[in-house]
Amino acid sequence: MPLRVSSAQALRSLPRHITKAQCLRSNAQFLIPSYQRRSLATQQPPEDDRIDPITMHRLAHERRAHYKRRSYYAGAGFVLGMIAIWITASSIDLPNKPTKLDSGRRTDDPMVVLGKERKVVVQKLGEEPEEVVDTVETGTSTVPTFPRILDFYDDERESFGNGMGPGQLDDRLVEYQLVGLGIRTVSFLGIQVYVVGMYVATDDIASLQENLIQKINPTASTLVAGEKDILRNKLYDPEEGVEIWNDVLKKSGARTLIRIVPTRNTDFHHLRDAWVRSLTARAQSNKEEFGDEQFGLSMGEFKKLFNRGSVPKGKELLMSRDKKGKLAVWYDGGKIGAQRLGQILDERISRGIWMNYLAGKTVSSEDARKSIVDGVMEFVERPVGTVATQVV
């Protein structure tokens, strides 16, 4: 029997209560594709796409927090970058450009260091001449050496700070020899601040020898081993050391220098305050000598003299004491040469600063005092006037 049935036969087989219109609607439904019928069956009523105020507030808060974090990161990066630039710039020592002058003067005059061109020969009585190196190791890598010989002259005409001191071959220059040096440290951590060295004019060593020897043996011209030990112990004694050095500085007339080179960046106020505290303590303990009005005025001049800016590491500060005790201060910042900052005529000011390194219960640098005492012992073991230097 055939399975195919014509469309006409199918229509005739339908029940008679189904109208033609209903058949057409039914046929129209069957004509809809199957994938559209599935989508129509699963389609949900439209929802409201608007965001509620709470969500809007949360999104705005997150946006503000995002940009705030970005600003923090940008600010921190800027600060760290500037710090890195500053550390790099301050840790690199750039060479100074040489200055050519018609007069032959150098930018580091009048504090002229001739160690590279000179040799120092020290001859003891009855011994062969001994050649000594021109520099002395300081014990710190920041300022590794100090010159053994300095040529210096204090010219009051240079008070205007033009950096033009006496030239290298100027006859006015006076030769100074290093007596001792040490490192100034602060706090229990031993933070290094500067290297300090004491120099004495070569022509005045005999006077220094004589005054020190007479403290132990007034009739001798040199000290033997036992006498040297007595002098050493006296110089370390808090009271006798102050008495000996006070008398030697006032009576010997020896021209001396204090040379300071910072191992870290510091300033004039920091250096001045330490000396002012020492001078004030000395004045309070001896009001008979320091209690007059003139000393107070001299202290005011000293404070004003050091009312200046920074002192970078490696730069040179030089204080001189002449035969009458006048204090003169020179500073070489490395830009326009050495400048004379000023002077204090009251010899008690320079003597008080020198005593800050030489004697007392506490000193600014114990290493410096020990080195100076050792240098003095080398002087007093020779007969007065036999310390010889020669340029070869």
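Values below: every heavy atom of this structure, side chains too, minus hydrogens, waters and symmetry copies.
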Between D154 and S320, does any side-chain donor sit less than 3.5 Å from a side-chain acceptor?
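No - no donor-acceptor pair under 3.5 Å links their side chains.
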Consider only side-chain N and O atoms of N286 and E289, and report whether a donor and an acceptor are under 3.5 Å apart.
yes
Taking the basic N atoms (NZ, or NE/NH1/NH2) and the acidic carboxylate oxygens, is any pair closer than 4.0 Å for K304 and E301?
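Looking at E301 together with K304, the answer is no, because their closest N to O distance does not fall below 4.0 Å.
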Does R321 come within less than 4.0 Å of E347, counting only side-chain N to carboxylate O?
yes
Which residues pass the side chain to side chain contact (heavy atoms under 4.5 Å, CB included) test with [X], not counting sequence neighbours?
X    : result
R264 : I191
T140 : T138, T142, V143, I183, Q192, V195, T263
T280 : V276, Q284, M299
K234 : I216, I230, E240, I244

Take the angle between the ring planes of F306 and F302 and call it parallel below 30°, perpendicular above 60°, tilted in between.
tilted
Results of side chain to side chain donor-acceptor pair (under 3.5 Å) for [X] - residues two or more places apart only:
X    : answer
S207 : none
T256 : W354
R272 : none
D346 : S298, R348

Excluding sequence neighbours, so at least two apart, what forms salt bridge (charged side-chain N to carboxylate O under 4.0 Å, His left out) with K323?
D204
State whether the side chain of [X] and the backbone N or O of [Y] hold a donor-acceptor pair below 3.5 Å, judged by distance alone.
X    : Y    : answer
N233 : D229 : yes
T185 : G190 : no
Q209 : F379 : yes

Report the C-alpha distance between F268 and Y331 in whole Å, list the side-chain angles of each, state the deciding distance to 0.1 Å, and finish with yes or no for ring pair (Phe, Tyr, Trp, His ring centres under 6.0 Å).
CA-CA 11 Å; F268 282 96; Y331 173 66; 5.2 Å; yes
Side chains of residues 62-80: which donor-acceptor pairs under 3.5 Å do they make with residues two or more places apart or in other chains?
| unit_1 | atom_1 | unit_2 | atom_2 | d |
| --- | --- | --- | --- | --- |
| S71 | OG | K68 | O | 2.6 |

Which residues satisfy the ring pair (Phe, Tyr, Trp, His ring centres under 6.0 Å) test with F146, sequence neighbours excluded?
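Result, ring pair (Phe, Tyr, Trp, His ring centres under 6.0 Å) vs F146: none returned.
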Once ring pair (Phe, Tyr, Trp, His ring centres under 6.0 Å) is applied, do any residues pair with Y176, and if so which ones, sequence neighbours excluded?
none
